[in-house]
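A short worksheet on the structure shown next.
Every number for a ligand or one of its atoms is a count from 1 in the order of the listing.
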Amino acid sequence: AKEKGRNQFSVFDPSMEEEAQSRRLMLRDLQKGLDKQEFLLYYQPIVAMQTGRTVKAEALIRWDQPVRGRVNPGDFIPLAEESGLIVPLGEWIFKEAAQQVTAWRKSFSPDFVLSVNVSPVQLLSTELDCSAWLKNIKALEIPPSALIMEITERMLLESDKASDEKITELQAAGVQLALDDFGTGYSSLSYLKRFSIDYIKIDRSFVCNLHRDSEDVALCQAIIVMAHQLDIQVVAEGVETQEQHNILLEAGCDFGQGYWYCKPVTAAELTQRLQKECEQ
Ligand code: C2E
Ligand code: CA
Ligand code: CA
Ligand code: CA
């Protein structure tokens, strides 16, 4: 039956019906999960390459669903985006991250910064209320620069005037801006022109073969030189080996993130790490 051609195939294919059903169920569970607070944030250290100290962290969402178990973001963020649920979910993420960074700044380092992934769908939504975000930050008595919003290049393709204005409003208030997964999109360079970007995050795909691919080394070096000339700092993602770390350090990369330093951990585990570093 599959040879009959695309149109017929797509209408009667039972597996598509199954998929639609499983998406409906997942969506139902996501909605419930929001009400029942089944989401939590993990934190992955971002270290200063020169000193090895944990100066920032990226908040990464996890979902502990009673029946499904631990669900990773790759398996539910796309559906949350399609359904619009990412908007209330994103509000929760932002609030939680703001509270957490406040605590870490008080206990350990007044300069500690948290980086938060912001979906293009959130920024495009008319429901997203930037002034509420900023009020929330002010109430916590931290400067908005304690938070970085990570946006992907995909944002550029989908963005409109209103979403650009939201980014600009948050930035004007002091929130920092990072371009995530740099190099994998289409319009990286025009993005650099349009916004005043604070950080570029070199995508893992350029980092994972650094130790055996001289072209990747050249690419990373070039990105770092370009970024620094534009007064942008560079975070390398997915650093898994000492060799990769050394090459990036040599190339002048500012920050590193990856399993080589630390995998994403709970807030309590990151607290321990920060405590240890403080005692050193
Ligand atoms: P991302 O923003 O590029 O996040 C980095 C991902 O790489 C994380 O996966 C992290 O666990 C993983 N990673 C970190 N170091 C290494 C390494 O050394 N090697 C390898 N192989 N992987 C590494 P995770 O947590 O599963 O998140 C996947 C994606 O889901 C994120 O990619 C981001 O696009 C999205 N996401 C995660 N949390 C959020 C969130 O709170 N909001 C939104 N909108 N998206 C999120
Ligand atoms: Ca990210
Ligand atoms: Ca990334
Ligand atoms: Ca700048």
Side-chain angles (χ1 to χ4, degrees), residues 30 33-34 38-47 49 54 56-64 69-101 113-125 128 133 147-155 158 163 176-185 188 191 197-211 223 234-245 248 253 255-267 269-270:
L30 272 176
L34 250 180
E38 291 166 2
F39 295 95
L40 69 161
L41 293 182
Y42 267 50
Y43 299 92
Q44 185 172 35
I46 298 174
V47 308
M49 282 229 152
T54 308
K56 310 179 199 299
E58 178 175 3
L60 295 161
I61 195 162
R62 300 289 180 261
W63 180 25
D64 282 339
R70 169 66 52 90
V71 192
N72 283 317
D75 295 323
F76 67 87
I77 290 287
L79 188 58
E81 288 180 331
E82 277 169 49
S83 61
L85 259 191
I86 191 73
V87 178
L89 186 60
E91 300 277 320
W92 176 82
I93 293 166
F94 198 79
K95 265 198 177 152
E96 183 78 10
Q99 264 172 26
Q100 190 57 69
V101 76
V113 172
L114 262 188
S115 207
V116 180
N117 293 286
V118 177
S119 156
V121 179
Q122 264 175 288
L123 288 164
L124 284 165
S125 160
L128 182 92
W133 278 23
L147 292 161
I148 301 173
M149 344 175 233
E150 294 196 5
I151 55 179
T152 60
E153 294 172 322
R154 182 162 70 97
M155 180 68 216
E158 299 170 16
S163 62
Q176 304 192 73
L177 194 60
L179 197 47
D180 202 358
D181 304 338
F182 186 80
T184 60
S188 345
Y191 219 160
I197 305 277
D198 300 289
Y199 304 93
I200 279 173
K201 299 191 77 171
I202 302 181
D203 189 68
R204 188 165 75 224
S205 58
F206 298 103
V207 172
C208 61
N209 293 317
L210 271 184
H211 52 294
I223 292 171
V234 182
V235 183
E237 295 191 305
V239 179
E240 293 184 352
T241 68
Q242 169 136 41
E243 251 178 309
Q244 291 165 357
H245 166 87
L248 288 159
C253 186
F255 305 99
Q257 181 181 354
Y259 300 157
W260 168 248
Y261 312 102
C262 185
K263 64 183 198 306
V265 295
T266 63
E269 287 168 311
L270 185 55

Item to check | Nearest-neighbour protein heavy atom for atom 21 (N) of ligand 1, which is reported as residue plus atom name and distance | outcome: E240 OE2, 3.2 Å
Checklist entry - What's the shortest distance from atom 18 (O) of ligand 1 to any protein heavy atom, and which residue and atom give it? => result Y259 N, 2.8 Å
Checklist entry - Do Y199 and K56 meet the criterion of a side-chain donor-acceptor pair at a distance under 3.5 Å? => result yes
Checklist entry - Which ligand 1 atoms, with their elements, are less than 4.0 angstrom from a heavy-atom of I93? => result 40 (C), 41 (O), 42 (N)
Checklist entry - Does at least one non-hydrogen atom of K263 fall below 4.0 angstrom from an atom of ligand 1? => result no
Checklist entry - Taking the six-membered ring for Trp, are F76 and W63 parallel (under 30°), tilted (30 to 60°) or perpendicular (over 60°)? => result perpendicular
Checklist entry - In terms of side-chain heavy atoms, does E58 have a donor or acceptor partner in N117 at a distance below 3.5 Å? => result yes
Next on the checklist: So if I count the atoms of ligand 1 from 1 in the order they appear, which ones are less than 4.0 Å from some heavy atom of G258?
Outcome noted: 15 (N), 18 (O)
Checklist entry - Is the backbone of S119 close enough, under 3.5 Å, to the side chain of Q122 for a donor and an acceptor to pair up by distance? => result yes
Next on the checklist: Which residue and atom name correspond to the protein heavy atom nearest atom 30 (O) of ligand 1, and how close is it?
Outcome noted: P73 CB, 3.4 Å
Next on the checklist: Under a 4.0 angstrom heavy-atom cut-off, which atoms of ligand 1 come close to E237?
Outcome noted: 3 (O)
Next on the checklist: Less than 4.0 angstrom from a charged side-chain N to a carboxylate O is my criterion; do E240 and R204 meet it?
Outcome noted: no
Checklist outcome for this item: d(I61 CD1, I86 CD1) to nearest 0.5 Å is 7.0 Å
Item to check | Heavy atom of the protein closest to atom 6 (C) of ligand 1 (residue, atom name, distance) | outcome: R204 NH1, 4.0 Å
Checklist entry - Restricting to N, O or S atoms of E237, which is nearest to the Ca ion (ligand 3)? => result OE2
Item to check | Region of Q257 engaging ligand 1 - heavy atom pairs below 4.0 Å | outcome: neither
Item to check | Ligand-residue contact atoms, ligand 1 with Q44, heavy atoms, under 4.0 Å | outcome: 14 (C), 15 (N)
Checklist entry - Tell me, which protein residue and heavy-atom name are nearest atom 31 (C) of ligand 1, and how many Å apart are they? => result L60 CD2, 4.5 Å
Checklist entry - Quick one: are Q100 and Y43 in side-chain contact, heavy atoms under 4.5 Å? => result yes
Checklist entry - Just by distance, do the side chain of D180 and the backbone of I151 share a donor-acceptor pair under 3.5 Å? => result no
Checklist entry - Atoms of ligand 1 less than 4.0 Å from D180 heavy atoms? => result 2 (O)
Checklist entry - Just by distance, do the side chain of S83 and the backbone of L79 share a donor-acceptor pair under 3.5 Å? => result yes
Item to check | Reported CD-to-CG distance for the pair Q99 and L114, which is rounded to 0.5 angstrom | outcome: 12.0 Å
Checklist outcome for this item: Looking at E58, the N/O/S atom that lies nearest to the Ca ion (ligand 2) is called OE2
Checklist entry - With the Ca ion (ligand 3) as the point of reference, which N/O/S atom of D181 is the closest? => result OD1
Checklist entry - Parallel, tilted or perpendicular for W260 and H245, by the 30°/60° rule? => result tilted
Checklist entry - Distance from I200 atom CD1 to L179 atom CG, nearest 0.5 Å? => result 6.5 Å
Checklist entry - Would you say E81 contacts ligand 1, with heavy atoms under 4.0 Å as the rule? => result no
Checklist entry - When you check the side-chain N and O atoms of Q257 and Q44, is any donor under 3.5 Å from an acceptor? => result yes
Item to check | Apex the Ca ion (ligand 2); atoms N117 OD1 and E150 OE1; angle rounded to 10 degrees | outcome: 90°
Item to check | CA sep, side-chain torsions, deciding dist, call: M149, V116, side chain to side chain contact (heavy atoms under 4.5 Å, CB included) | outcome: CA-CA 5 Å; M149 344 175 233; V116 180; 6.0 Å; no
Item to check | Test item: protein heavy atom less than 4.0 Å from atom 24 (P) of ligand 1 | outcome: yes
Checklist entry - What's the shortest distance from atom 11 (O) of ligand 1 to any protein heavy atom, and which residue and atom give it? => result P264 CG, 3.3 Å
Checklist outcome for this item: shortest atom 38 (N) of ligand 1-to-protein heavy-atom contact is with I61 N, 3.1 Å
Checklist outcome for this item: ligand 1 to D181, heavy atom cutoff 4.0 Å, flagged ligand atoms 3 (O)
Next on the checklist: Just to be sure I read this right, does ligand 1 sit under 4.0 Å from the backbone of R62, its side chain, both, or neither, counting only heavy atoms?
Outcome noted: side chain
Next on the checklist: Under a 4.0 angstrom heavy-atom cut-off, which atoms of ligand 1 come close to E58?
Outcome noted: 2 (O), 4 (O)
Checklist entry - Judged by modelled atom types alone, do T266 and E269 share a side-chain donor-acceptor pair under 3.5 Å? => result yes
Next on the checklist: Looking at ligand 1, would V239 count as a contact under a 4.0 Å heavy-atom criterion?
Outcome noted: yes
Checklist entry - What's the shortest distance from atom 46 (C) of ligand 1 to any protein heavy atom, and which residue and atom give it? => result N117 CB, 3.9 Å
Checklist outcome for this item: The atom of D180 among N, O or S that is nearest the Ca ion (ligand 3) is OD1
